[in-house]
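Report on one structure; see the data block that follows.
Along the sequence shown, residues carry numbers from 1.
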Amino acid sequence: MSWEAGVMIPPPNSFTEVDFYMTWRVGLLIPSPNSVMEVDFYRSLPHDTTLHTARMFMPDMTTASEEQMLDQFTLPAAAMVRTVLPHIVVFGSTSACLLRGKAYDREICERVGELTGAEPVSVVESVTQALFDARATRVAVVSPYTDDVNRRIKAGLESDGIAVSAMYGMGLSAADGATVTPESIYSFVQSRVGTRVPADALFIASTDYHAMSALSLLKIAYDVPIVTTNLAALQAVKRKLHRLREREMAPAARRPATT
């Protein structure tokens with residue numbers, strides 16, 4: 001049926017047509033100042049997937065505000081996302097892990113999953129999995145952060161058995177990471193790393209940093225796997241989407257088409 005203004009597309013009447021109409025919903029919980037992660041996601045998710053974002057209020061970039069976000073605003077944001085009936089929900093913050101450890105990050109992701117009825121994705125665990133998939137035992141890390149935050153990132157990676165061979169931070173506050181252009185990230189990496197990455201992989205940290213947009217330049221310059229925080233989370237989402245599609249397409253899940 002050709003599209004014309006005012007013409008309604010009829011509802012599906014068979015499972016073949018349901019496949020065409022099926023839309024997968026991804027929820028994303030992000031700190032309210034984050035201006036990058038949502039953009040990376042809606043630019044990169046598959047065509048049959050929609051993004052539904054809720055912001056976890058964080059009035060400023062202090063540790064006290066991060067703690068307040070975790071304690072007061074994470075679960076209410078998840079409750080809002082629940083109303084769109086998401087299939088997957090991403091906890092798009094590293095604060096839980098950096099402030100309270102990986103066990104707490106896992107706990108809060110489980111609570112988000114239970115509250116939303118969706119499959120949860122941890123950004124922190126996504127990065128670890130991406131580095132494992134790259135078979136990286138030694139990693140060089142680039143971030144927009146100060147030494148204090150970088151030390152916590154290093155400790156988290158090393159707790160998973162991944163050695164940090166080099167750490168390069170821009171020394172910026174969390175509020176300034178999103179202002180760095182992809183070209184500036186590329187220039188910073190080249191100025192610090194040089195022509196050869198001293199590791200099995202390069203990890204560019206932070207959800208609020210234009211690292212994904214710098215990938216096309218970085219992949220030309222370096223021949224090792226490059227992992228960014230947002231890319232790792234997207235890869236985790238796409239793996240879960242693949243499994244959900246397979247489950248939906250399984251013969252036992254299908255009813256006979258009507259005639």
Side-chain angles (χ1 to χ4, degrees), residues 26 28 34 36-46 49 88 90-94 97-98 102 105-106 109 121-145 149-170 177-178 180-243:
V26 173
L28 176 63
N34 190 308
V36 175
M37 191 173 194
E38 181 179 20
V39 177
D40 281 348
F41 263 61
Y42 71 62
R43 285 176 175 169
S44 305
L45 284 171
T49 308
I88 296 167
V90 180
F91 178 58
S93 172
T94 58
C97 178
L98 293 178
K102 290 194 173 184
D105 180 76
R106 284 191 293 271
C109 287
V121 170
S122 160
V123 167
V124 173
E125 291 189 355
S126 298
V127 168
T128 301
Q129 187 61 55
L131 291 171
F132 285 162
D133 290 344
R135 299 182 179 180
T137 58
R138 296 169 60 251
V139 62
V141 182
V142 171
S143 88
Y145 301 127
V149 178
N150 288 336
R151 280 192 291 269
R152 287 183 280 167
I153 293 172
K154 181 181 180 193
L157 291 168
E158 291 182 341
S159 71
D160 286 319
I162 300 170
V164 176
S165 60
M167 174 74 77
Y168 309 100
M170 284 186 162
V180 182
T181 65
E183 292 77 16
S184 294
I185 294 172
Y186 172 71
S187 296
F188 178 78
V189 173
Q190 286 217 305
S191 68
R192 297 300 188 276
V193 173
T195 59
R196 185 177 180 84
V197 176
D200 305 320
L202 175 64
F203 169 44
I204 307 181
S206 180
T207 61
D208 202 21
Y209 195 46
H210 293 285
M212 274 188 62
S213 297
L215 275 176
S216 58
L217 293 171
L218 291 168
K219 286 181 176 179
I220 294 172
Y222 301 108
D223 61 357
V224 299
I226 302 173
V227 173
T228 82
T229 305
N230 291 350
L231 177 62
L234 276 160
Q235 289 170 333
V237 167
K238 289 178 180 180
R239 283 193 296 269
K240 286 184 179 291
L241 285 170
H242 179 71
R243 288 195 290 270

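Of the residues Asp40, Thr207, Asp208, the one that meets the side-chain hydrogen bond (donor to acceptor under 3.5 Å, both in side chains) test with Asn230 is Asp40. No option in Val149, Asp105, Val124 other than Val149 meets the side-chain contact (heavy atoms from CB on, under 4.5 Å) test with Leu98.
The two residues Ser165 and Ala199 make their nearest non-hydrogen contact at OG-CB, 3.4 Å. Between Gly92 and Val123, the shortest heavy-atom distance links the atoms CA-CG2, 3.7 Å. The heavy-atom pair separating Ala232 from Val227 by the smallest distance is CB-CG1, 4.2 Å. Smallest separation of non-hydrogen atoms from Arg138 and Pro198: NH2-O, 3.1 Å. Between Met170 and Ile185, the shortest heavy-atom distance links the atoms CE-CA, 4.2 Å.
For the pair Lys238/Pro46, a side-chain contact is recorded, criterion being any heavy-atom separation below 4.5 Å from C-beta on. In this structure, the side chains of Asn150 and Val141 stay at 4.5 Å or more apart for every pair of heavy atoms. In this structure, the side chains of His210 and Thr181 stay at 4.5 Å or more apart for every pair of heavy atoms. Between Val180 and Tyr209 the shortest side-chain heavy-atom distance falls below 4.5 Å. Residues Tyr145 and Arg151 fail the side-chain proximity criterion, which asks for heavy atoms closer than 4.5 Å. Looking only at side-chain heavy atoms (C-beta outward), Glu125 and Cys109 stay at 4.5 Å or farther from each other. With a 4.5 Å cut-off on side-chain heavy atoms, Leu131 and Leu157 count as touching.
To the nearest 0.5 Å, atom CG of residue Leu217 and atom OG of residue Ser187 are 8.5 Å apart. Taking CD1 from Ile162 and CZ from Phe203, the interatomic distance works out to 9.0 Å, rounded to the nearest 0.5 Å. Atom CD1 of Ile204 sits about 4.5 Å away from atom CG of Leu218, to the nearest 0.5 Å. Residue Asp133 holds its CG atom at 10.5 Å from OG1 of Thr128, rounded to the nearest 0.5 Å. In this structure, CZ in Phe41 is found 4.0 Å from CG in Leu234, a value given to the nearest 0.5 Å. In this structure, Thr228 OG1 and Gln235 CD are separated by 8.0 Å, a value rounded to the nearest 0.5 Å.
Around atom CZ of Arg239, more than 12 heavy atoms belonging to other residues, nucleotides or ligands sit under 6.0 Å away. Surrounding CZ of Arg135 are at most 12 heavy atoms belonging to other residues, nucleotides or ligands under 6.0 Å away. Surrounding NZ of Lys154 are at most 12 heavy atoms belonging to other residues, nucleotides or ligands under 6.0 Å away.
Counting only distance, with no hydrogens or angles, the side chain of Ser213 and the backbone of Pro182 share no donor-acceptor pair below 3.5 Å. Looking only at distances, a side-chain donor or acceptor of Asp200 sits under 3.5 Å from a matching main-chain atom of Thr137.
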### Task
Please report the C-alpha distance between Val142 and Arg192 in whole Å, then the side-chain angles of each, then the deciding distance to 0.1 Å, and finally whether the side-chain contact (heavy atoms from CB on, under 4.5 Å) criterion is met.
CA-CA 9 Å; Val142 171; Arg192 297 300 188 276; over 6 Å; no
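A donor atom on one side chain and an acceptor atom on the other are not found under 3.5 Å apart for Glu38 and Tyr42.
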